[in-house]
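To start, the structure itself, in C-alpha cells.
Atoms within each ligand, like the ligands themselves, are counted from 1 in listed order.
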Amino acid sequence: MNVKMIAKTKSIEEELIKESIFIIGHVLSVDGRIIKIKLNKNKNHSHILYEGKTVKNVSVGSYIKVVKGFVSIIGKVEGEFTSEEKYYNKEYNKEEAKINRILQVSLFGHFEGTHFKQGIKEMPLIDNECYLLNRDEFNSLHHFYKNGEKTITIGNLTEEPSQKIKIGVNNLFASHIGIFGNTGSGKSNTLAKIYTELFKVFSNNNDFKTKSDFVVVDFNGEYIGDEMITKDKVVYELSTGKKVSKKKYPISKDSIHKTEILSVLLEATEKTQKPFLDRVIRNDFLDDNATFNARVITSIEDTCTSVIDKKDRNLREGLIIELFRDLINLVTDEKKDAITNLKKEVENNLHYHSKNEEYYWDNTNSTNFNNTSPIYTTHLKTLVENLVFKSDEFSKLKLKIVFNYFHEIIKGYSNQEHIGPLIGRMFRKFDMLEKLIDINENTESKNLSIICLRDVNIEMKKIIPLIIAKQLYENKKESDKKSLHIVIDEAHNILSTMSQRESETWKDYRLETFEEIIKEGRKFGVFLTIASQRPYDISATIISQLHNYFIHRLINDNDINAVEKAVAYLDKLSFQSIPILSVGSCFVAGLASDIPVKVDIDLLEMEKRPNSGTVNLEGAWNSELTQNNKDIQPIIN
Ligand SMILES: Nc1ncnc2c1ncn2[C@@H]1O[C@H](COP(=O)(O)OP(=O)(O)OP(=O)(O)O)[C@@H](O)[C@H]1O
Ligand SMILES: [Mg+2]
C-alpha cells in the first residue's frame with residue numbers, strides 16, 4: 001500500500017469512527033413534521049467522548065440531524081420519554097436494557113452543502129439514521145448572516161456559551177423589533193446593546209450618519225448618559241416641572257396645525273369642538289406678519305362693537321371682559337399692565353340697561369343713560385390701538401382660536417357652552433406644550449436623538465411621542481433619506497389599548513398613528529423598535545406585525561399568550577421556557593435569525609448601561625448604618 005492509500009483508509013476510518021460516535025439512533029415514526037427517534041442503548045449518557053473532548057449528548061432542546069441518502073434534515077428535540085421492549089431475553093441483558101429511550105423531534109430545516117436552510121424539502125423515512133451535529137454543522141446552524149455582510153454580536157448561546165451569536169445588520173435593523181419581558185429581565189440592556197453595537201460598527205461611516213436617523217423615546221431618562229449608544233447625539237431633556245427643558249424639541253408649524261393633533265392636545269369633543277378646531281386651522285387671517293398686529297386690533301374692535309351694538313340679551317358685557325382676560329397672556333410683556341387696566345375699565349364702566357336694552361358707560365351714575373354715544377370709539381379704541389401682541393407661532397395659534405371663538409359665538413354659529421370649556425383648557429395645555437417644543441423648521445444634524453420624558457407629566461408623556469412620531473413619519477415620507485428608526489422603551493406608555501382614563505377618539509388616533517407606521521412604514525424605510533413589560537396591553541395589530549422579537553422572561557399568562565399569538569417563529573418548547581429565563585437571557589426569533597435561539601445577551605459596560613439598575617436597598621440603608629456606627633465612640637476599657 002502506498003502512502004496515499006494509507007492516508008485515504010485512515011481518513012475513511014476516522015470518518016467511520018466519527019459517525020459511529022455521533023450516531024444516536026433511528027427514526028421510529030414520522031407524523032407530519034414531528035418524528036420519533038429510538039435512541040441507541042449505548043447513548044444514554046449526558047456527554048460522549050470524541051477525540052479526547054466531551055461532546056454534549058442529545059437532550060430536550062438540542063438539535064439532531066436525520067440522514068436520508070444525500071439529504072440531511074435538521075430537527076429540534078421537543079420531548080423525551082421511554083417505552084419498554086416487548087421481547088427481550090433475560091439471559092443476555094441487564095434489566096435496564098429493556099427500556100427504550102424515545103425522542104420527539106420537530107423538523108425545521110435542512111443542509112444544502114454546508115449551508116443551513118429553513119424548511120424541509122424531503123421527509124425522513126423510518127429507520128433513517130440520526131446524528132448529533134458536529135461543530136461545523138452547529139456553527140452553520142447559528143450563522144445568521146451572509147458572508148461579507150456587516151454584523152453585530154449580541155451575546156452567546158445560552159446552551160452552548162462558546163457560540164457567539166452574530167446577527168446581520170440588515171435583517172435586524174430594516175425591520176420592526178419587539179423586546180418583551182418582565183421588569184428587571186434585561187430589556188433595556190438588550191435594546192441598548194443592539195443599538196450600541198450598531199453605532200460601533202458604523203462609527204466611521206459617513207453614509208450611516210447622513211442617510212439614517214435614529215430617535216429614542218426615553219420615558220425614564222435611561223439613555224441620556226454621555227456614553228449611551230454613542231457620544232455623538234442630541235439629547236432633549238424635556239420637562240414640564242420646575243426644571244426647565246434643557247433643549248426643546250423642534251416641531252414644524254405644520255405638525256401642530258393639524259386638527260387631529262390639536263383635538264388630542266386640547267381634548268376636544270368629537271361633535272362640536274373638533275369641527276371648531278378644524279375651522280380655526282383653515283382660517284389664515286393672522287398668517288401675514290406685516291398686518292398681524294393691525295388685524296388683531298381690528299378683531300378686538302369687531303368683537304367689542306358686535307357685542308355692544310347687537311345689544312343681545314344673551315351677549316352680555318361679560319363677553320368683552322372674557323375677551324380681554326383671554327388676551328392678557330397674549331400681549332407683549334410691556335403691554336400687560338395696559339391690557340389689565342383695559343379689562344378693569346370695562347368691568348367698572350360698561351353696563352347694560354335691560355329695560356332700555358342698551359349699553360351705557362359710566363361708573364358714577366347708574367341712571368345716566370345719555371351716554372350712548374359709540375362706546376367703543378370714545379372709550380376703548382385708543383387704548384386698544386396701543387396694544388402690541390406676541391407674534392410667535394404659539395401665540396398666533398392661540399389668538400386664532402380666541403377670535404374664532406368670539407366670532408362664532410357672536411354670529412350665533414356656535415354655542416358658548418359647547419366651545420367655552422375648550423378655551424378654558426387651551427391656555428393650560430399650551431403652556432405645558434410650550435415648555436417642551438419649539439415651533440421651528442430646523443432639526444439638528446446629528447443622526448441620533450434621545451427624547452427624555454422623565455420630567456414630563458403624564459398628559460404630555462402621551463402626546464409628545466405622538467406629535468414627534470407623526471412629524472418624523474410625515475417628513476420621512478417626503479425626504480430622500482434611507483431610513484428612520486423610532487425606538488420606544490416602555491412602549492406600553494403610549495401603545496396601550498387598556499387605558500380607561502382617556503377618550504376613545506384619542507386612543508384611536510394614537511393607536512392608528514403607530515399602527516400605520518407598523519403597517520406601512522417599511523415601504524418608506526420607517527422602522528419601529530418597541531420594548532415593553534406588558535405585551536398584553538399593547539395593541540395586537542402592533543405586536544403581530546413585528547419582524548424580530550427578543551423575548552425575555554415573562555411570567556404573566558396573558559403576556560405570554562399575547563406573545564404566543566403574535567410570534568409565529570417560536571416553537572412550543574421555547575414558549576414553555578419563557579417564564580424560567582434568567583436575567584439577560586432571551587429568545588431571539590424572527591427574520592434576523594433563521595431559527596429561534598436562546599441567547600445570553602452581553603451585559604454592557606457600566607457607563608453604557610441604561611440607567612435603570614435595580615435599587616440596592618440594603619446597600620443604601622447600610623451606608624447609613626455604617627455612618628451611624630462611626631458616630632458611636634468606641635468604649636475603651
Ligand atoms: N444581559 C444581562 N446580563 C446580566 N445582567 C443583566 C443583563 N441585562 C440586564 N441585567 C441586569 O438586570 C438589571 C435590569 O435590567 P434592565 O434595566 O435592562 O431591565 P428591564 O427589563 O429594562 O427592566 P424595566 O422593565 O424595569 O425597565 C440590570 O441593572 C442588570 O444588572
Ligand atoms: Mg427597562
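- Taking each of Thr190, Ile154, Leu603, Asn611 in turn, the one with a heavy atom nearest to atom 4 (C) of ligand 1 proves to be Leu603.
- Here the side chain of His176 pairs no donor or acceptor atom with the backbone of His547 at under 3.5 angstrom.
- Between Phe173 and Tyr195, the ring-plane angle classifies as perpendicular under the 30° and 60° cut-offs.
- Between Gln533 and ligand 1, an N or O atom pair is found at a separation short of 3.5 Å.
- Atom numbering of ligand 1 starts at 1 in the shown order; those under 4.0 Å from a heavy atom of Asn189 are 1 (N), 2 (C), 7 (C), 8 (N), 9 (C), 18 (O).
- The atoms of ligand 1 that sit less than 4.0 Å from any heavy atom of Asn182 are 21 (O).
- Residue Gly184 holds the heavy atom nearest to atom 23 (O) of ligand 1 of all those in Gly184, Ser582, Ser532.
- Not a single N/O/S atom of Gln533, whether from backbone or side chain, sits less than 2.8 Å from the Mg ion (ligand 2).
- Contacts between Glu490 and ligand 1, counted as non-hydrogen atom pairs separated by less than 4.0 Å, involve the side chain only.
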Could you walk me through whether Ser544 and Lys565 pass side-chain contact (heavy atoms from CB on, under 4.5 Å), step by step? CA-CA 8 Å; Ser544 61; Lys565 267 190 218 146; over 6 Å; no

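- Contact analysis leaves Gly181 out of contact with ligand 1, as no non-hydrogen atom separation drops below 4.0 angstrom.
- Remark: ligand 1 and Gly186 share an N or O pair separated by less than 3.5 Å (distance only, no angle test).
- Contact of the Phe587 side chain with the Val563 side chain is not registered, since no non-hydrogen atoms from C-beta on lie closer than 4.5 Å.
- Using bins of under 30°, 30° to 60° and over 60° for the plane-to-plane angle, the ring pair Phe208/Phe202 lands in the parallel bin.
- Contacts between Lys187 and ligand 1, counted as non-hydrogen atom pairs separated by less than 4.0 Å, involve both the backbone and the side chain.
- For NZ of Lys477, the number of neighbouring non-hydrogen atoms (other residues, nucleotides, ligands) closer than 6.0 Å is greater than 12.
- In summary, Asp602 and Lys193 engage in a salt bridge, as defined by a charged side-chain N under 4.0 Å from a carboxylate O.
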